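For reference, the structure is listed below as C-alpha cells.
Only a predicted model underlies this, so the values are computations on that prediction, with no experimental measurement involved.
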Amino acid sequence: MKLLHKDFNFAFHFKENMRSLLVIEQPTIFLKIVRELTECENEEESRFVLSENDEILKKKEKLVCVINPLSISLNERKLLSRLGEMLKREILSTELLIEGNQILSDLESYILKVVRDMEWNLKCSDKMDIQSLLKIAEIRFEDTQETLVEKIIDYMKVSQELLGIRCFVFVHLLSYLTEYETEKFYEYVYYQKMNVLLLENRQPDIINRFSNVIIIDKDTCEINLNM
C-alpha cells in the first residue's frame with residue numbers, strides 16, 4: 001500500500017515492520033495536510049492518493065485519521081451501524097432467526113395490547129423486524145481498556161474488522177505515549193500487519209526509531225531520512 005501527496009515528492013510505501021513518520025514543521029502546511037486527511041469524504045478536493053498494486057483506493061473507505069486519541073470510541077455511529085448489520089446477518093443466517101421471529105411476534109402482541117388500552121387514538125408499526133429488535137437492545141461495545149494504548153489498539157482492530165480500514169494516520173500520537181507504550185503500540189501493529197503513519201509538527205526524541213521519515217521544515221524544504 002502507498003500513500004502520496006500530489007504537491008510533494010514523498011510517498012510512503014507501507015511494508016512489514018516499517019515505522020513511517022511525517023514531520024511538518026511549517027504550520028500552514030501542517031494544517032492543510034491534517035484537513036485533507038480528515039476530510040476524506042471530498043475525494044476530488046484532497047491531494048492525497050492512497051493506492052495498492054497501482055489501484056487507487058477510496059480514502060473514505062480505507063483510511064482513517066485520528067486527531068485526538070483521547071476522543072476515539074468503539075461506539076461511534078459508523079462502527080455501531082456496521083456492528084448492527086453484522087449481527088442482523090448472523091441472526092438471519094442461523095437458527096437464531098426462528099427464536100427471533102417468536103420474540104418479535106410476542107413483542108408486537110404486547111405493544112398492540114398497550115396501545116388498545118389507552119384512551120387516545122394511537123397507532124404503531126405494523127411489522128417489527130430483526131433490526132427493530134437490535135435497536136431496542138442498544139447493543140454496544142463495552143469500554144474495558146485500562147490504558148490509552150489498549151483503547152487505541154481496540155479501536156484499530158474493530159475499525160479494521162468492521163469497516164475494512166487499511167491505513168491509520170495518527171496526529172501527535174507521540175505526545176500521548178511514553179517510549180515503552182510506543183513500543184507496545186508497534187508490537188501490535190506488526191502483529192496485525194497494519195499500515196500506520198504518524199504525523200507530528202516537530203521531530204520527536206525517538207526519531208531514530210523510525211525507518212521511513214519525511215520532514216517538511218519551516219522553509220517548506222522536503223527532507224527524506226532513511227533511518
Side-chain angles (χ1 to χ4, degrees), residues 1-69 71-74 76-86 89 152-174 185-186 188-201 210-217 220-227:
M1 179 170 286
K2 180 172 67 174
L3 180 67
L4 58 82
H5 195 283
K6 297 177 182 178
D7 297 336
F8 296 95
N9 295 320
F10 70 77
F12 287 97
H13 297 264
F14 298 104
K15 299 178 181 179
E16 190 172 353
N17 297 340
M18 175 176 285
R19 299 186 182 188
S20 299
L21 173 66
L22 175 58
V23 179
I24 304 178
E25 299 175 343
Q26 218 288 339
T28 302
I29 297 178
F30 183 84
L31 175 60
K32 177 179 181 294
I33 292 296
V34 171
R35 279 180 171 171
E36 289 183 352
L37 287 169
T38 54
E39 296 173 358
C40 289
E41 296 296 329
N42 299 319
E43 294 280 344
E44 298 80 9
E45 298 180 9
S46 176
R47 304 293 290 170
F48 274 100
V49 177
L50 183 67
S51 65
E52 187 171 34
N53 298 326
D54 296 325
E55 178 184 354
I56 305 299
L57 304 177
K58 291 185 177 181
K59 292 186 294 300
K60 65 180 180 180
E61 296 177 357
K62 300 299 180 182
L63 182 148
V64 64
C65 179
V66 178
I67 296 180
N68 180 9
S71 66
I72 61 176
S73 172
L74 297 180
E76 64 180 36
R77 181 182 300 178
K78 188 179 294 186
L79 287 172
L80 288 181
S81 177
R82 193 60 58 87
L83 175 63
E85 294 173 5
M86 184 188 73
R89 287 197 302 271
I152 294 171
I153 287 173
D154 281 354
Y155 176 79
M156 294 173 69
K157 181 179 179 180
V158 173
S159 296
Q160 184 183 55
E161 294 181 1
L162 291 185
L163 303 179
I165 299 299
R166 300 285 310 284
C167 182
F168 295 87
V169 180
F170 291 93
V171 180
H172 288 153
L173 181 62
L174 297 178
F185 168 77
Y186 272 107
Y188 177 80
V189 168
Y190 294 157
Y191 179 75
Q192 294 293 334
K193 297 182 180 180
M194 291 178 168
N195 303 310
V196 173
L197 171 64
L198 299 192
L199 177 58
E200 302 283 332
N201 67 348
F210 292 84
S211 50
N212 190 7
V213 180
I214 301 295
I215 299 174
I216 300 177
D217 65 17
T220 321
C221 295
E222 189 173 337
I223 306 168
N224 190 333
L225 301 181
N226 294 315
M227 297 296 182

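For K157, the side-chain contact (heavy atoms from CB on, under 4.5 Å) criterion is met by E161, Y188, not counting sequence neighbours. By the side chain to side chain donor-acceptor pair (under 3.5 Å) test, Q26 pairs with no residue at all, sequence neighbours left out. Here F12 pairs with F10 under the ring pair (Phe, Tyr, Trp, His ring centres under 6.0 Å) rule; sequence neighbours left out. Looking at residues two or more places apart in sequence or on another chain, you find a side-chain contact (heavy atoms from CB on, under 4.5 Å) between I223 and I215, D217, L225. Take E76 and apply the salt bridge (charged side-chain N to carboxylate O under 4.0 Å, His left out) test, not counting sequence neighbours, and it matches no residue. Residues meeting the side-chain contact (heavy atoms from CB on, under 4.5 Å) test with D54, sequence neighbours left out: none. In this view, E222 satisfies the salt bridge (charged side-chain N to carboxylate O under 4.0 Å, His left out) rule with no residue, not counting sequence neighbours. With sequence neighbours excluded, no residue forms a side chain to side chain donor-acceptor pair (under 3.5 Å) with Q192. Residues that satisfy the ring pair (Phe, Tyr, Trp, His ring centres under 6.0 Å) test with F30, not counting sequence neighbours, are H172. Scanning for side chain to side chain donor-acceptor pair (under 3.5 Å) contacts around R89 gives an empty result, with sequence neighbours left out.
Taken from OG in S51 to NZ in K59, the straight-line distance is 10.5 Å, to the nearest 0.5 Å. Note that the CD1 atom of I67 and the CZ atom of R35 stand 10.0 Å from one another [nearest 0.5 Å]. Here OG of S159 is found 9.0 Å from NZ of K78. Values are rounded to the nearest 0.5 Å. In this structure, the separation between CG on L83 and CG on L162 is 6.0 Å, given to the nearest 0.5 Å. For the atom pair CD of Q160 and CG of N195, the computed distance is 9.0 Å after rounding to the nearest 0.5 Å. Separation of atoms CD (E55) and CE (M1) is listed at 10.0 Å; rounding is to 0.5 Å.
Sorted by first and then second residue, the pairs that involve residues 8-28 and meet salt bridge (charged side-chain N to carboxylate O under 4.0 Å, His left out), not counting sequence neighbours, are R19-E183. Sorted by first then second residue, the salt bridge (charged side-chain N to carboxylate O under 4.0 Å, His left out) pairs that include residues 189-201, not counting sequence neighbours, number zero.
Around the NZ atom of K32, the shell of radius 6.0 Å holds more than 12 heavy atoms that belong to other residues, nucleotides or ligands.
Checking side-chain atoms of T38 against main-chain N and O of V34 turns up a donor-acceptor pair under 3.5 Å. In terms of modelled atom types and a separation under 3.5 Å, the side chain of R47 and the main chain of D7 share no donor-acceptor contact.
Ionic pairing of K62 and E52 is not present here: no N-O contact between side-chain nitrogen and carboxylate oxygen is shorter than 4.0 angstrom.
Pairing each heavy atom of V196 with each of S20, the nearest pair is O-CB, 3.8 Å. When all heavy atoms of L37 and L63 are compared, the closest pair comes out as O-CD2, 4.1 Å. Nearest heavy atoms, V64 versus I165: CG1-CG2, 3.7 Å. V23 and N201 get closest at one heavy-atom pair: CG1-C, 4.2 Å. Residues I33 and L199 come closest through the heavy atom pair CG2-CD2, 4.0 Å. Nearest heavy atoms, F168 versus M156: CZ-O, 3.5 Å.
Put simply, the side chain of I152 reaches to within 4.5 Å of the side chain of F170, judged on heavy atoms.
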